[in-house]
Amino acid sequence: MKSGREKADGGGSIPRIRLDDTTLRDGEQTAFVVFSRQEKLTIAHMLDETGVDQIEAGIPAMGGEEQQLVREIAHAGLNASILGWNRARIEDIKQSLACGVDAVAISLATSDIHLETKLRKSRSWALETIRRCTAYAHDHDMYVSVGAEDASRTDIEFLITYALAAKSEGASRIRFCDTLGVMEPFGMYDRIRILCAETGMEVEVHAHNDFGMATANTLAAVRAGASWVNTTVGGLGERAGNAPLEELVMALRHVEGRFMPQKTENFTALVGYVMAAATRKVDPAKPIVGPNVFAHESGIHTDGIIKNLSNYESFPPSEVGQERRLVVGKHSGSNLVKLKLDAMGYPTSHQQARDLLPGVRRHAIKLKRALCDEELLALAQA
């Protein structure tokens, strides 16, 4: 696997967490989402520019345009490692090799319910299959990440056996898939800690958001020793989606204190582009990149922001490509009214600002929104 990003460790003793982004694979598997060829190429370049370590480019075994796109991305001269996703089939892996990727993911279900009712196979079959497929990929000089689908519902002892079977044939990484999003952070921590200790492998977490805990579960996995996280831009993914790239990077940086060297100032543009390509809108309250995340209206908050930005902002909006907005509405105070009018070239005393508040609130209630600058100025001049 490419090692171009391996040099940066932040100068500290805590190892840096690696990002394997699957927007182009699991993200596109979102129901009703299809990316065009140019959109996929643009997303790959944007992810690389942002600084992800690995791009899961697609599923070469699909053939046709999908295979051609993976080949183009693999030969685009990107700094990131390019990974092809495969079922646990030799023929799938051959298709990835033909595309020129430098890493492969080999996915196989490991829970009893998946083995018995979906695949109708035994545990011993699963072990033999993953050994055979891993050995084939490793013998062809591939970096191998082995996925355990439905790992969160897999017996932990069998999961360890499965991981060690893959490791014995050359796998470097085990991907713990919370396929149904049924984990919670405490259980995730316990399972990842055991998996790390018992296998000695790099552990990656692939979290789904069915219960709204994908980001929290991924952070718990990191605390337990996971060194790779699987993400999608904006949290795209099957059903309720996956752990969002932008949330995880910022939480790892600011909540966990990890060294995350990504160009986070790209995040708002990146999420905006991907959501547009997915024909979705960015929710105003979307963590990190939503247009309302740095919008302040209530009097207590705006007064605090005016005095010290860190009172109500964990990091500056420019860090993620956003801008701060102070808006006058129903809950605003006189300090903000004065500040806005002064900035528009209409000097106002504190008493005049206080006198304007009842009219501001009536107008906001009537409009069911905050006032734009022109509306506020018109009230002041009336």
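The model shown is predicted, which means the values in this text are computed figures rather than measured ones. We count residues from 1, following the sequence as given.
In this structure, Leu41 CG and Glu72 CD are separated by 5.0 Å, a value rounded to the nearest 0.5 Å. With values rounded to the nearest 0.5 angstrom, Lys286 atom NZ is found 10.5 Å from Thr268 atom OG1. Taken from OG in Ser227 to CZ in Arg16, the straight-line distance is 11.0 Å, to the nearest 0.5 Å. Here Thr42 contributes atom OG1 and Glu39 contributes atom CD; the two are 7.5 Å apart, rounded to the nearest 0.5 Å. Taking CG of Asp210 as the reference point, atom CD of Glu238 lies at 10.0 Å (rounded to 0.5 Å). Taken to the nearest 0.5 Å, the CE atom of Met183 stands 12.5 Å off from the SG atom of Cys177.
For the side chain to side chain contact (heavy atoms under 4.5 Å, CB included) criterion with Met1, the lone passing option out of Ser172, Ser81, Ser145 is Ser81. Considering Thr231, Asp178, Asp26 in turn, Asp26 is the only one that fulfils the side-chain hydrogen bond (donor to acceptor under 3.5 Å, both in side chains) rule with His206. Shown are Asn230, Val101, Leu24; of these, the side chain to side chain contact (heavy atoms under 4.5 Å, CB included) with Glu56 is made only by Asn230.
For the pair Gly84 and Pro60, the tightest heavy-atom approach, listed with the atom from each and the gap, is CA-CD, 4.3 Å. Minimum heavy-atom separation, Ile82 to Ala57: CG2-CB, 3.8 Å. The minimum heavy-atom distance between Ala61 and Arg87, with the atom names listed, is CB-NH2, 4.2 Å. Of all the heavy atoms in Val146 and Ala171, the pair that sits closest is CG2-CB, 3.8 Å. Heavy-atom minimum distance, Glu198 versus Leu164: O-CD2, 4.0 Å. Taking all atoms of both residues into account, the shortest heavy-atom contact from Lys338 to Ser349 is CD-C, 4.3 Å.
Met275 is connected to Leu248 through a chain of hydrophobic side-chain contacts under 4.5 Å among Ile, Leu, Val, Met, Phe, Trp and Tyr, so both are in one cluster. A continuous path of hydrophobic side-chain contacts links Val282 to Leu236 [ILVMFWY only; heavy atoms under 4.5 Å]. Linking Ile, Leu, Val, Met, Phe, Trp and Tyr residues whenever their side-chain heavy atoms come within less than 4.5 Å places Leu379 and Met344 in a single cluster. Connection of Leu336 to Val327 is not established within any shared hydrophobic cluster, with ILVMFWY side chains joined at heavy-atom distances below 4.5 Å, either directly or through further cluster members. Leu83 is not connected to Ile93 by any chain of hydrophobic side-chain contacts under 4.5 Å among Ile, Leu, Val, Met, Phe, Trp and Tyr, and they are in different clusters.
Contact annotation: the side chain of Val205 never approaches that of Asn217 to less than 4.5 Å [non-hydrogen atoms, C-beta and beyond]. Two residues are said to be in side-chain contact when any heavy atoms from C-beta on lie closer than 4.5 Å; Arg325 and Pro291 meet this criterion. The shortest distance between side-chain heavy atoms of Tyr162 and Leu108 falls below 4.5 Å. A 4.5 Å side-chain heavy-atom check between Glu49 and Lys263 finds at least one atom pair inside the cut-off. Counting heavy atoms from C-beta outward, Val222 and Arg258 have side chains that approach closer than 4.5 Å. When side chains are defined from C-beta on, Tyr143 counts as touching Arg173, because their heavy atoms get closer than 4.5 Å. Looking at Cys133 and Ile90, their side chains come closer than 4.5 Å, going by heavy atoms from C-beta outward. Side-chain contact between Thr218 and Glu247 is absent, with no heavy-atom pair separated by less than 4.5 Å.
More than 12 heavy atoms of other shown residues, nucleotides or ligands fall within 6.0 angstrom of atom CD in Gln381. For Arg223, the CZ atom sits in a loose shell: 12 or fewer heavy atoms of surrounding residues, nucleotides or ligands are nearer than 6.0 Å.
Alongside Trp85, the hydrophobic cluster contains Ile59, Met62 (criterion: ILVMFWY side chains under 4.5 Å). By the 4.5 Å side-chain criterion applied to Ile, Leu, Val, Met, Phe, Trp and Tyr, Met213 is assigned to a cluster that also includes Leu180, Val182, Phe211.
Under the 4.0 Å criterion applied to side-chain N and carboxylate O atoms, Arg37 and Glu65 are not assigned as salt-bridge partners. Between Glu313 and Arg324 there is a salt bridge, since a side-chain N of the basic residue sits under 4.0 Å from a carboxylate O of the acidic one.
With hydrogens and angles ignored, the 3.5 Å screen pairs a side-chain donor or acceptor of Lys167 with a backbone N or O of Thr199. Between the side chain of Asp48 and the main chain of Ala80, a donor-acceptor pair closer than 3.5 Å is present. Between the His75 side chain and the Arg71 main chain, a donor and an acceptor come within less than 3.5 Å of each other. A donor-acceptor pair under 3.5 Å links the side-chain atoms of Arg361 to the main chain of Lys330, judged by distance alone. A donor-acceptor pair under 3.5 Å is absent between the side-chain atoms of Asn335 and the main chain of Asp303, judged by distance alone. Although no hydrogens or angles enter the test, the distance criterion places a donor-acceptor pair under 3.5 Å between the side chain of Asn86 and the main chain of Ala105. Looking at Glu28, its side chain does come within 3.5 Å of a backbone N or O of Phe35 through a donor-acceptor pair. Thr117 places no side-chain N or O within 3.5 Å of a backbone atom of His114 that could act as its donor or acceptor partner. At least one donor-acceptor pair under 3.5 Å links the side chain of Glu246 to the backbone N or O of Gly234. Side chain of Asp21 to main chain of Ile55: no donor-acceptor pair is present (N/O by atom type, distance under 3.5 Å, no hydrogens or angles).
For the pair Arg191 and Phe176, the cation-pi criterion (under 6.0 Å, within 45° of the ring axis) is not fulfilled.
Listed by first and then second residue, the salt bridge (Lys or Arg N to Asp or Glu O under 4.0 Å) pairs involving residues 350-360 amount to none (not counting sequence neighbours). Applying the ring-ring contact (aromatic ring centres under 6.0 Å, His included) test to pairs two or more places apart or on separate chains, those with a residue in residues 282-328 are His254-Phe315, Phe294-Phe315, His301-Tyr312.
Side-chain atoms of Arg239 and Asn209 include no donor-acceptor pair closer than 3.5 Å. A donor-acceptor pair shorter than 3.5 Å cannot be found between the side chains of Thr30 and Arg280. There is a side-chain donor-acceptor pair under 3.5 Å between Ser111 and Asp150.
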Evaluate the criterion side chain to side chain donor-acceptor pair (under 3.5 Å) for residue pair Thr264 and Arg253; output intermediate values, then yes/no.
CA-CA 10 Å; Thr264 56; Arg253 180 184 288 179; 3.2 Å; yes
Evaluate Met46 against Asn266 for side chain to side chain contact (heavy atoms under 4.5 Å, CB included), listing each step before the verdict.
CA-CA 8 Å; Met46 292 179 78; Asn266 294 351; over 6 Å; no
Would Lys40 and Glu66 count as a salt bridge (Lys or Arg N to Asp or Glu O under 4.0 Å) if you check the C-alpha gap in whole Å, the side-chain angles of each, and the deciding distance to 0.1 Å?
CA-CA 10 Å; Lys40 292 192 83 167; Glu66 177 81 357; 3.2 Å; yes
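Qualifying salt bridge (Lys or Arg N to Asp or Glu O under 4.0 Å) partners for Asp155, counting only residues two or more places apart in sequence or in other chains: none. Residues meeting the side-chain hydrogen bond (donor to acceptor under 3.5 Å, both in side chains) test with Ser310, sequence neighbours left out: Asn308.
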